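Worksheet: the structure to be examined is printed underneath.
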Amino acid sequence: MPLSRVISDGRKGRRKVKMSDAKSGGGREREHRIEKLEKIRELGIDPYPYRFQRTHSIAGTIENREQLIAGEVRLAVAGRIMSVRGHGHTAFGHIKDDTGTIQFYIRDDQLDEHEFGLFKLLDVGDIVGLWGVLFTTRSGELTVRVANLELLAKSIRPLPEKFHGLQDKELRYRHRYVDLIVNDEVMKVFRMRSKILETMRQFLLGNNFLEVETPILQPLYGGAMARPFVTRHNALDMDLYLRIADELYLKRLIVGGMERVFEFSKDFRNEGMDRSHNPEFTMLECYAAYWDYNDMMGFVEEMFSTLATEVCGTTDIQFGEHSIDLSPPWRRLTFFEALHEVAGEDLRASGEGRLEEIARSREIDLEGISGRTALLDTIFSELVEPALIQPTFITDYPLELSPLAKIHRADRGLVERFEPYIAGFEVGNAFSELNDPLDQRARFEAQAELRKAGLQDAHPVDDDYIRALEYGMPPTGGIGIGVDRVVMLLTGATSIRDVILFPQMRPEEGRDGA
RNA sequence: GGGCCGCUAGCUCAUCAGGUAGAGCACCUGCCUUUUAAGCAGGUGGUACCAGGUUCGAGUCCUGGGCGGCUCACCA
């Protein structure tokens, strides 16, 4: 009896699970298939053999079709049966591997009896290996004429319907393997994701960055304003945090003399979930000694135009209704300049009263918002952000928002920080990194005060990080890039769940009741 | 957390005002040696998310719960 069934027995509010692992899941068809599985075994055939030697991928077969047909080459391909059209003594169907789909043609007078008997016990969804030569059908389709076939894995669960496929988003996320089998565009998105990561990595390695790995389990979290997940280490008898950022570790490495480092960091933030937030997500952070944030801006422009060129073949990409030009240089605008544009006046010196007036006149909801910084931030995200469609660097933020960034060289009230915006998304966050240990301690202590005042997301003081800075960190430019959002941008996905293979979901069986 | 919407066969969906659930695909049986949403004939398949309630009778109405989608808020 399946474990899930045992656990759920007697539990109130149990949800019926579609395609469950219970015996009823998959309906009668699953039982038919298990019967066929037994018959296959009775024929002395192992329905789950150990390997298969392919001569060609399906894409390779299609690519070399002329030589393969002309030479009457006996080839071996393998894949999942996606359709079968039986005609008594013959059958057509398609198999699919991860390079493509090809038709096969099988007829009983060209196989030994044994093998055609096996074929009759196969189903859509089974994984097979086929040997044969290529030909073109009357209707012009490239087809493998099967001379021999081998079952490589029996599928006992039916695939979704061939025409509509799997639509239900819940099932698509929960049973991503099925989604990948039947929805080709899903496979395409995740191939692009891989390509994006690879291009980023190559770009960084090509610029002499060193790829490193830093702890996910941290005794003290930091590097961002967010609530962490807490976990427990039994042997040490202590709580640990899942990292919310790897920033403070990477800068320790800069102190240690690694002059350019990066990490693809799985980060975890214990907050709400929506179209652009998953509790675990991927951040690319990179730090370069002797750079400031201006150097980093140039680097980011280069990286994104390289990405778009490698992945999409052009720096002009389409996202929803927007055409976006990622080629450098990008527009650069300070935080207060951007506000000036939308508010029609310089807000740099405006008091709380004036900021509230402006917000109200634009019908911005100010519930729970108090203080000048929060007002500025709110006005910015309501009025400025949505309009930042073409790539734009917003620079020089108010000091209060950025405890890890260096004071602006020309203005003590600002920090040297920028955020790249594309299609209204904030895709990163970068600073001239604060390397004055005494200033850093003062900033941490200011955060600690905010924490005491009830701001849970404020930074805890990280004494070891300050000690590292006390040994001396060179001037450094750093950035964190939200990789999932970049993937959304380049694939046109409108939900982060469409670029994460297994997005966080509540368990199918529902929450544990009393 | 709020609002709206959804949950019916393996999948995609019907079921007008409450009367004991239906189609297509898939599956099973038979026929069919170049088909391709193959075709023809016949057939199987349901705890209508769960639990209560109203009613002679509930997929349908009411209450509570579960899961999801969209959206707003919170949150970087």
Side-chain angles (χ1 to χ4, degrees), chain A residues 8 11-20 22 24-33 35-36 82-94 101-110 116 123-125 135-141 143 145 155-175 178 182 223-227 244-245 267 269-277 279 281 283 365 367-369 377-378 380-381 385 401-402 419 425-429 455-457 480 482 485 494-495 497 503 505-514:
Chain A
S8 64
R11 180 173 294 166
K12 229 181 144 183
R14 185 170 82 221
R15 174 177 185 259
K16 183 192 166 191
V17 179
K18 292 178 178 178
M19 290 179 68
S20 74
S24 58
R28 295 285 83 77
E29 184 170 351
R30 184 167 174 275
E31 287 171 16
H32 289 141
R33 289 182 176 216
E35 284 164 18
K36 289 179 184 173
M82 298 306 292
S83 61
V84 175
R85 296 172 291 282
H87 297 265
H89 291 278
T90 72
F92 285 90
H94 281 89
T101 300
I102 196 165
Q103 181 166 260
F104 64 84
Y105 175 58
I106 190 165
R107 43 190 293 164
D108 65 354
D109 60 6
Q110 294 193 354
F116 202 78
D123 293 290
V124 170
F135 76 108
T136 306
T137 62
R138 225 174 255 168
S139 54
E141 181 164 352
T143 302
R145 187 188 304 270
S155 163
I156 60 169
R157 200 175 278 270
L159 288 174
E161 193 231 350
K162 61 187 171 188
F163 191 57
H164 298 93
L166 188 66
Q167 306 275 333
D168 185 311
K169 285 195 181 182
E170 178 174 0
L171 288 179
R172 289 188 40 221
Y173 297 143
R174 288 191 192 281
H175 304 164
V178 182
V182 300
M225 303 271 229
R227 254 185 281 176
I244 59 171
D267 292 344
R269 298 188 183 175
N270 207 340
E271 291 163 355
M273 299 158 62
D274 62 31
R275 213 173 34 197
S276 54
H277 296 84
F281 62 101
M283 183 87 99
D365 182 10
E367 201 184 315
I369 308 288
D377 198 31
T378 303
F380 184 86
S381 34
E385 272 189 27
L401 294 172
S402 316
E419 295 195 339
F425 275 125
E426 167 203 335
V427 296
N429 186 15
L455 182 64
Q456 284 181 299
D457 293 350
R485 290 184 186 176
T494 53
S495 169
R497 295 186 155 188
M505 303 283 277
R506 281 202 158 90
E508 289 176 298
E509 299 266 340
R511 285 191 276 202
D512 274 11

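This is a predicted model, so every value here is computed, not measured. Naming convention: chains lettered A, B, ... in sequence-line order (proteins, then strands); numbering from 1 in each chain.
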Of the options B/rC28, B/rU35, B/rG10, whose atoms approach the side-chain atoms of A/T137 most closely?
B/rU35
A/R269 side, atom CZ; A/D457 side, atom CG - distance, nearest 0.5 Å
9.5 Å
Return whichever of A/S495 or A/E385 has its heavy-atom-nearest nucleotide of RNA chain B closer to the 5' end.
A/S495
Would you indicate which nucleotide in B/rU33, B/rA76, B/rU35 comes nearest to any side-chain atom of A/T90?
B/rU33
Rounded to the nearest 0.5 Å, how far apart are CD1 of A/I102 and CE of A/M82?
15.0 Å
If the C1' atom of B/rU54 is compared with that of B/rG46, how far apart are they to the nearest Å?
25 Å
Looking only at B/rA76, B/rC75, B/rU33, the nucleotide nearest the A/R107 side chain is B/rU33
Base, sugar-phosphate alone, or nothing: which one does A/R33 contact when heavy atoms must sit under 4.0 Å apart?
nothing
Counting the atoms with a prime plus P, OP1 and OP2 as sugar-phosphate, which does A/G93 contact under 4.0 Å by heavy atoms, base, sugar-phosphate, or nothing?
nothing
Looking only at atom C1', what distance separates B/rA26 and B/rU44, rounded to whole Å?
12 Å
Under a 3.5 Å cut-off for both distances, is B/rG39 Watson-Crick or wobble paired, and to whom?
B/rC31
Closest to side chain of A/D109, choosing from B/rU33, B/rU35, B/rC70:
B/rU33
For A/L159 and B/rG10, what is the distance between atoms CG and P respectively, to the nearest whole Å?
15 Å
Can you figure out which of B/rA76, B/rA37, B/rC75 approaches the side chain of A/E271 most closely?
B/rC75
For atom CZ of A/R138 and atom P of B/rU33, their distance in whole Å:
13 Å
What is the distance from CZ of A/R85 to C1' of B/rU33, rounded to the nearest Å?
15 Å
Under 4.0 Å, heavy atoms only, any strand: does A/E419 hit a base, just the sugar-phosphate, or nothing?
base
Which part of the nucleic acid, if any, lies within contact of A/H87, taking any heavy atom under 4.0 Å across all strands shown: a base, the sugar-phosphate backbone alone, or nothing?
base
Does A/R227 reach a base, just sugar-phosphate, or nothing at all? Heavy atoms under 4.0 Å.
nothing
Looking only at side-chain atoms of A/L166, point me to the closest of B/rC11, B/rA76, B/rU34.
B/rC11
Applying the 3.5 Å cut-off to both distances, the Watson-Crick or G-U partner of B/rC61 turns out to be B/rG53
Side chain of A/K169 - closest among B/rU33, B/rU35, B/rC70:
B/rC70
Is there a side-chain contact between A/R275 and the phosphate of B/rC70, meaning an N or O under 4.0 Å from OP1 or OP2?
no
Side chain of A/R506 only, heavy atoms from C-beta on: which candidate in B/rC28, B/rU12, B/rC67 is closest?
B/rC67
The side chain of A/R174 is closest to which nucleotide in this list: B/rU35, B/rG68, B/rU34?
B/rG68
Looking at NZ of A/K36 and CD of A/E29, how far apart are the two atoms once the value is rounded to the nearest 0.5 Å?
7.0 Å
Sugar-phosphate only, base, or nothing, as touched by A/D267 at under 4.0 Å among non-hydrogen atoms:
nothing
Closest to the A/L171 side chain: B/rU35, B/rC11, B/rC67?
B/rC11
Checking all strands, does A/N429 fall into the base, sugar-phosphate, or nothing category for heavy-atom contacts under 4.0 angstrom?
nothing
How would you label the contact of A/H89 with the nucleic acid (heavy atoms, under 4.0 Å): base, sugar-phosphate, or nothing?
base
Looking for any heavy atom pair under 4.0 Å, which part of the strands does A/R145 touch: base, sugar-phosphate only, or nothing?
base
Is a donor from one side chain sitting under 3.5 angstrom from an acceptor on the other, for A/R33 and A/S155?
yes
Indicate the atoms forming the closest heavy-atom contact of A/R157 with A/R30, along with that distance.
NH2-NE, 3.9 Å
